[in-house]
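Inspection log for the structure reproduced underneath, given as C-alpha cells.
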Amino acid sequence: MLFKQQVLLRQKLLVLGSLAIGSLLYLVARVGSLDRLQPLCPIDGRFGPRGQAEIPLRALQFKRGLLHEFRKGNATKEQIRLHNLVQQLPKAIIIGVRKGGTRALLEMLNLHPAVVKASQEIHFFDNDENYAKGIEWYRKKMPFSYPHQITIEKSPAYFITEEVPERIYKMNSSVKLLIIVREPTTRAISDYTQVLEGKERKNKTYYKFEKLAIDPNTCEVNTKYKAVRTSIYTKHLERWLKYFPIEQFHIVDGDRLITEPLPELQLVEKFLNLPPRISQYNLYFNATRGFYCLRFNIVFNKCLAGSKGRIHPEVDTSVITKLRKFFHPFNQKFYQITGRTFNWP
Ligand code: A3P
C-alpha cells in the first residue's frame with residue numbers, strides 16, 4: 001500500500017516537474033521574442049506615426065519564424081493592409097565582393113529587427129534586361145517591410161560592373177554601400193572553387209587554378225582571369241568613387257566575419273545608424289559546419305547553405321606567393337583610400 005502511494009506521488013511529481021520545465025521554456029522563448037519588441041531608433045531621421053516605432057507581435061512572428069521574409073508571396077493582403085507594409089527601395093546595398101561573405105553578411109544583418117533583406121540577388125543594376133524594366137520593377141522585387149525598417153539587398157556583381165555606380169547613383173545618391181572583402185588570393189581561390197564545383201556538377205572538366213591564374217607565356221599573373229581581376233579591389237572602388245564619396249562606403253572584413261562576426265556586425269550597425277541589437281546570443285559557432293550560425297530565438301536558428309564554406313583545392317605555393325606579391329600594391333592603395341587596413345600578406 002505504502003509502496004503504491006510512493007509510486008503515485010513520484011508520478012505526480014514527474015508530471016508537475018515536466019509542466020514547470022515546459023512553462024519555463026515557453027517563458028524564455030517569449031521573453032526572447034518580446035525583447036525584439038523594444039522601440040527602434042528611426043532610420044535616417046524618419047519617425048513613423050506614434051506607436052509605429054514598435055514592431056507588432058505578428059511581425060515579430062514572421063521575422064523570427066520560417067515566414068520571416070515579407071515577400072509578396074507570403075504576406076497576405078490583410079497583413080499588408082493591417083500593418084501598413086510597404087515595398088521599399090533599399091537604403092543600403094551590399095555591392096560585393098563575390099565570395100567575400102556577402103550572403104553571411106546579409107543574413108546576419110537580417111537578425112536586426114529594423115533590417116529586412118531581399119532574399120534573392122536581384123541583379124537589377126548589372127543586368128541590362130532587368131534595368132530596362134525600370135525602378136518600379138526593382139521596387140516590386142523588394143520584401144514587404146514597415147516604413148521605419150530598412151531594406152537591404154545584395155548582388156555582388158554590382159561591384160565589378162562598369163555601369164552600376166552611375167545607375168545606383170541615379171536611384172539614390174545617398175544610398176549606403178557595403179563592401180565585404182577577404183584576403184584577395186583566398187577570395188580568388190574561393191571564386192575558382194565555386195566555378196569548379198559548377199563544372200563538376202555538369203560532369204565537365206576544368207583547368208587547374210594555377211593554369212588560369214598564371215599566364216603560361218609570360219609566367220606572370222594573368223590579369224585577364226576574372227577571379228584575379230575581381231580581387232583588385234582598388235581598381236573597382238576607384239570607379240565607384242567617381243559617383244559616391246568614400247564616407248558612403250563601409251568596408252567589412254570578410255575574414256573576421258568568419259571567425260568573429262559580432263564586432264564586424266556592430267560596425268555595420270553603427271554605419272547604418274541602427275541601434276545595436278545584434279548580440280552574441282544571435283550567433284553561435286557550429287562545430288560541424290565550422291562556421292557561425294544564426295539564432296533568432298530559442299526555437300529558430302539556421303546555418304548558411306552548404307555551398308558557403310567549400311573546401312578549397314590545394315594551390316601551388318609558388319602561385320600563391322606570386323599572387324600575393326601581385327596584389328600587394330593594390331592592397332596598399334585600397335587601405336589608403338578606405339582607411340581600413342588589413343593584415344593581408
Ligand atoms: P568559401 O566557400 O570560400 O569558404 P559569398 O556569400 O559572398 O559567396 O561568400 C561565401 C563565403 O562566405 C564562404 O567562402 C565562407 O568562407 C564565407 N562565410 C563567412 N561567414 C560564413 C558563415 N557564417 N557560414 C558560411 N560561410 C561563411
Side-chain angles (χ1 to χ4, degrees), residues 92-112 115 117-123 126 152-161 164 177-201 206 209 212-213 226-231 233 236-237 249-268 278-296 300-315 320 323-324 327 342 344:
I93 306 180
I94 301 171
I95 56 171
V97 179
R98 177 182 150 97
K99 306 321 293 172
T102 52
R103 174 58 60 185
L105 179 61
L106 182 72
E107 297 292 335
M108 287 174 180
L109 288 177
N110 190 53
L111 287 162
H112 197 292
V115 170
K117 63 162 186 178
S119 291
Q120 309 291 325
E121 289 182 10
I122 299 174
H123 289 281
D126 63 304
I152 300 188
E153 86 123 325
K154 76 117 180 163
S155 293
Y158 291 167
F159 186 57
I160 57 161
T161 311
V164 173
L177 302 164
L178 294 161
I179 307 175
I180 178 162
V181 289
R182 269 164 99 187
E183 189 276 307
T185 304
T186 311
R187 196 221 63 83
I189 297 170
S190 173
D191 199 330
Y192 165 84
T193 310
Q194 172 157 316
V195 178
L196 176 70
E197 195 185 283
K199 301 274 180 198
E200 281 172 350
R201 225 181 301 123
Y206 195 45
F209 177 78
L212 295 166
K226 197 173 165 197
V228 166
R229 266 190 293 126
T230 303
S231 283
Y233 306 138
H236 302 288
L237 183 61
F249 295 85
H250 176 74
I251 310 297
V252 179
D253 182 342
D255 294 310
R256 191 165 175 230
L257 194 82
I258 296 174
T259 56
E260 216 186 332
L262 188 59
E264 279 305 314
L265 295 169
Q266 287 170 334
L267 289 174
V268 180
I278 303 172
S279 71
Q280 201 56 65
Y281 173 82
N282 300 123
L283 303 155
Y284 67 97
F285 188 75
N286 181 317
T288 320
R289 219 26 210 92
F291 283 99
Y292 275 89
C293 296
L294 286 64
R295 182 187 285 124
F296 286 81
F300 183 61
N301 48 43
K302 74 166 188 183
C303 297
L304 262 61
S307 59
K308 303 294 172 186
R310 296 185 178 98
I311 295 168
H312 297 179
E314 244 180 63
V315 174
I320 292 189
L323 280 167
R324 291 195 164 146
F327 287 126
F342 300 96
W344 298 335

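This chain uses plain numbering: 1 for the first residue, then up along the sequence. Atoms within a ligand are numbered from 1 in the order they appear, just like the ligands themselves. What you are looking at is a predicted structure, and each value in this text was computed from that prediction instead of being measured.
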For [atom], find the nearest protein heavy atom and state the residue, atom name and distance (0.1 Å precision).
atom                    : value
atom 20 (N) of ligand 1 : Ala104 CB, 3.4 Å
atom 16 (O) of ligand 1 : Ile258 CD1, 3.4 Å
atom 23 (N) of ligand 1 : Tyr292 O, 2.9 Å
atom 7 (O) of ligand 1  : Thr102 OG1, 2.6 Å
atom 22 (C) of ligand 1 : Phe291 CD2, 3.5 Å

Does any N or O of ligand 1 fall below 3.5 Å from an N or O anywhere on [X], backbone included?
X      : result
Arg289 : no
Lys99  : yes
Arg98  : no
Lys308 : yes

Who gets closest to [atom] by heavy atom: [options]?
atom                    : options                        : result
atom 2 (O) of ligand 1  : Gly309, Cys303, Pro261         : Gly309
atom 12 (O) of ligand 1 : Gly101, Gly100, Ser190         : Gly101
atom 14 (O) of ligand 1 : Arg182, Arg103, Lys154, Met108 : Arg182

When you measure from the heavy atoms of Pro156 to every atom of ligand 1, does any distance fall below 4.0 Å?
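No, Pro156 has no heavy atom closer than 4.0 Å to ligand 1.
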In this structure, does ligand 1 have an atom that sits under 4.0 Å from one of the heavy atoms of Arg187? no
One should read off an interatomic distance between Ser231 OG and Lys226 NZ, to the nearest 0.5 angstrom, of 12.0 Å
**Asked** Can you tell me how far CG of Leu177 sits from CD1 of Ile95, rounded to the nearest 0.5 angstrom?
**Response**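 Those atoms lie 5.0 Å apart.
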Would a 4.5 Å heavy-atom cut-off, applied to side chains only, mark Leu265 and Leu283 as touching?
yes
**Item:** Val97 side chain near Lys99 side chain, heavy-atom distance below 4.5 Å
**Value:** no
inquiry  = With a sphere of 6.0 Å drawn around CD of Glu314, does it hold more than 12 non-hydrogen atoms of other residues, nucleotides or ligands?
reply    = no
| query | Relative to each other, are the rings of Phe209 and Tyr192 parallel, tilted or perpendicular (30° and 60° limits)? | reply |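 Phe209 vs Tyr192 ring planes: perpendicular.
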Report task. Check the angle between the aromatic planes of Trp344 and Phe342 and answer parallel, tilted or perpendicular using the 30° and 60° thresholds. Result -> parallel
ask   = Under the salt bridge (Lys or Arg N to Asp or Glu O under 4.0 Å) test, which residues partner Glu260, sequence neighbours left out?
value =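 Glu260: salt bridge (Lys or Arg N to Asp or Glu O under 4.0 Å) contacts with Arg256.
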On a heavy-atom basis, the closest approach of Tyr281 and Arg295 is O-NH1, 2.9 Å
